[in-house]
Amino acid sequence: MQNTPQSDTMNPNTGKPAKLGWFDDILLLGIMAVLAGCGLIYEYLLSHYAGRILGALEAAIYTMIGLMIVSMGIGAFAARKIRCAFTGFAVLELTVALCGSLAILITAAVIGFGQQLPLIVAQTLGLPSDQLPNGGFIGTLQKLSEYLPYVWGVILGLMIGMEIPLIARVRQALSDAHLTHNAGTIYGADYIGAGIGAAIWVGFMLAIDIQLAAALTASFNLLAGFLFIWRFWTQIRHVKLLLAGHIAATGVLLLLALHGPSWEQSFNNLLYKDNVVYAKATRFQQLTFTERLRGNGLGPVHSLYINGRLQFSSSDEHIYHSFLVHPTLAASARHDKVLIIGGGDGLGLTQVLKWQPKQVTLMDLDKELVTLFKTPDTDMPAHLTQALMALNKDALNDPRVRLIFDDAFNGVDKLLKNEEKFDAIIVDLPDPSHPDLNKLYSDAFYLKLKELMSRDAAITIQSTSPYHAPKAFISVGNTLELAGFKVDQYHHNVPSFGEWGWTIATLSGKSAKSRLNEIQQFPIDDAWFTPELMHAAFAFPGNFYIDKQNIKPNTLGSSQLYQYHQQAWLENQ
């Protein structure tokens, strides 16, 4: 129904005009500021969930924010259809609180069910494990479920967009005269509230469980509804029913705050093929540890996933880390001072310590991740603690190890300021699947590392899969060449990842490959990694580098490597 002036300006119980006092005005503007902060946090929460749990692209996060902004605009137009602004606003806040608090939990449940559905169908029909149904309706359901966060974003955006027009109508309805600066005043409160919401997100909510953050945010919507009902009781239709709804919603939010995080985690655990034994959300990422029992006297296999992406499996991590570390140190003239960038699990460090360095500096952004592998949390299962400490041989507590917690791009500047030099550098960072990571594969970053190296040192970069993302792999090498390095690349199969690649480089003298070709025996004890395996790793198909000249290096600001990487993995998916 179309809005009429009488519906907002008249008390529905007495039929008399309402009045706007200074207290009411401050209350309304304060509510608007709080709701603006809540709206911004909902954007971040849904984007955060998509990024951490679904492994969504960075572009998808911007899509979420864009969708919500457009939906807010549509919601602002739709608010004109609400007859009574007082009643409409009270209903709106109750609905936003329920949707905002339940969105992530419902999404996790639907996605988790979609992932388990093939197994349920197979068990019901007695199908063998290698014939799980994953196409047709099931495949469509799984794909559609990944869009649920965006559906919630649109729904919440529509409702959040209605808040400003309704508050503006309430203020005007309570005023004796036309409010000349009504919109400007409300938008001012809205912008300030959004800024405060952003600060709360960065300073507090990033460090807590995402479902708990959703429940806390929704509680402010509910509080706004309670205050509005209390102050404008006589202007709201069906006010007792709405009050009962707010009280019932309070019980729902308390339940979600107490049990929602564990429920959500249980649903998220359904995304993994192995049993999830521990999960932790740090300020920067979601960590998930899984366990697979093998029987027949074999120990369990433990794996770490970060934001839904596999980081290592205890069954074959030694393959990856041996190829990352041993060629680097074998190609370096000395091994006294080694720098590791990334590798907060300490597994690469374990291999480095075999070379008996005098000091190893490990730089990682996520202190909480490193702490889990150094002094595990007391709430971590004891058997997992023992397995992780045995896996990295307690390397992070070695007295020769210096830990630095910093963003690598800025952290190396501090090492440069101290005029430090290293005999070998190992860069064990995640794939450039995020624009923020792209700069750590840029020519500017490699030029910084160049200044940290001794003249006869070697550097190795983990360089994604040469099979699945050949352009991205070659671009890493081209970027190092642009920075002035002598570059070689090598690859090997890591069962958990498939064919994987690394880039090794030197500054002067012989290339790394030439140096390694002279090695017939390693001065370390390693039962698996051999010189023969290392030499064979430098062989590629005859046409692998045929397009090398047309593949661009990753200059700072270009996002070239990020684009190569995303394009390749999207095609493979």
Side-chain angles (χ1 to χ4, degrees), residues 1-9 18 20 24-25 27-47 62-101 103 149-175 178-198 201 217-218 220-225 227-229 232 235-237 242:
M1 297 177 64
Q2 293 292 339
N3 172 55
T4 61
Q6 183 180 5
S7 64
D8 283 347
T9 59
L20 177 65
D24 293 337
D25 203 23
L27 177 64
L28 289 172
L29 294 176
I31 286 175
M32 191 66 254
V34 169
L35 298 184
C38 291
L40 192 72
I41 290 174
Y42 285 133
E43 290 183 14
Y44 291 158
L45 278 171
L46 291 170
S47 301
Y62 298 137
T63 300
M64 172 73 73
I65 295 175
L67 278 174
M68 289 193 70
I69 291 174
V70 172
S71 300
M72 288 164 62
I74 297 172
F77 284 113
R80 295 182 298 179
K81 300 293 184 179
I82 298 176
R83 180 178 179 84
C84 176
F86 291 92
T87 305
F89 186 81
V91 172
L92 185 67
E93 292 316 300
L94 175 59
T95 309
V96 170
L98 289 173
C99 288
S101 61
Y150 310 120
V151 174
W152 284 114
V154 170
I155 293 171
L156 284 168
L158 288 170
M159 292 188 289
I160 292 168
M162 295 180 183
E163 291 172 341
I164 289 179
L166 291 180
I167 287 288
R169 281 169 54 186
V170 168
R171 288 186 78 234
Q172 184 59 63
L174 295 173
S175 178
H178 174 68
L179 294 176
T180 305
H181 303 293
N182 189 12
T185 302
I186 292 175
Y187 276 114
D190 181 80
Y191 296 149
I192 292 172
I196 295 173
W201 170 259
T217 304
F220 282 93
N221 285 103
L222 208 59
L223 177 61
L227 290 174
F228 193 83
I229 289 172
F232 304 108
Q235 276 78 32
I236 300 172
R237 296 181 174 88
L242 282 170

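When reading the values below, keep in mind they use all heavy atoms of this one structure, side chains included, and skip hydrogens, waters and symmetry mates.
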Could you pull out the closest heavy-atom pair between [X] and [Y], with the gap in Å?
X: Gly88; Y: Ile82; value: CA-CG2, 3.8 Å
X: Gly193; Y: Ala36; value: C-CB, 4.1 Å
X: Ala97; Y: Ala218; value: O-CB, 3.2 Å
X: Val170; Y: Ala85; value: CG2-CB, 3.9 Å

- Message: For a 4.5 angstrom cut-off between non-hydrogen side-chain atoms, does Phe89 reach Leu35?
- Response: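 Phe89 vs Leu35: side chains touch.
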
- Message: Under the rule for ring-ring contact (aromatic ring centres under 6.0 Å, His included), what residues qualify as partners of Phe220, not counting sequence neighbours?
- Response: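 Partners of Phe220 under the ring-ring contact (aromatic ring centres under 6.0 Å, His included) test: none.
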
Interatomic spacing from [atom1] in [X] to [atom2] in [Y] - rounded to 0.5 Å:
X: Met64; Y: Leu46; atom1: CE; atom2: CG; value: 4.5 Å
X: Leu67; Y: Leu156; atom1: CG; atom2: CG; value: 12.5 Å
X: Asp24; Y: Leu29; atom1: CG; atom2: CG; value: 11.0 Å
X: Phe228; Y: Leu92; atom1: CZ; atom2: CG; value: 10.5 Å
X: Ile164; Y: Ile186; atom1: CD1; atom2: CD1; value: 7.5 Å
X: Leu98; Y: Leu222; atom1: CG; atom2: CG; value: 7.5 Å

- Item | Check: Arg169 side chain, Leu166 main-chain N or O, donor-acceptor pair, under 3.5 Å |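 No, because the side chain of Arg169 does not come within donor-acceptor range (under 3.5 Å) of the backbone of Leu166.
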
- Message: side chain to side chain contact (heavy atoms under 4.5 Å, CB included), that's the test. Do Met32 and Arg171 meet it? Break it down for me.
- Response: CA-CA 11 Å; Met32 191 66 254; Arg171 288 186 78 234; over 6 Å; no

- Message: Would Glu163 and Met72 count as a side chain to side chain contact (heavy atoms under 4.5 Å, CB included) here? Give the steps.
- Response: CA-CA 9 Å; Glu163 291 172 341; Met72 288 164 62; over 6 Å; no

Report the residues that fulfil side-chain contact (heavy atoms from CB on, under 4.5 Å) with [X], sequence neighbours left out, ordered by chain and then residue number.
X: Thr217; result: Cys38, Ile41, Tyr42, Leu45, Met205
X: Ala78; result: Met162
X: Leu158; result: Ser71, Ile74, Val154
X: Thr87; result: Cys84, Val91, Ile236, Arg237, Leu242

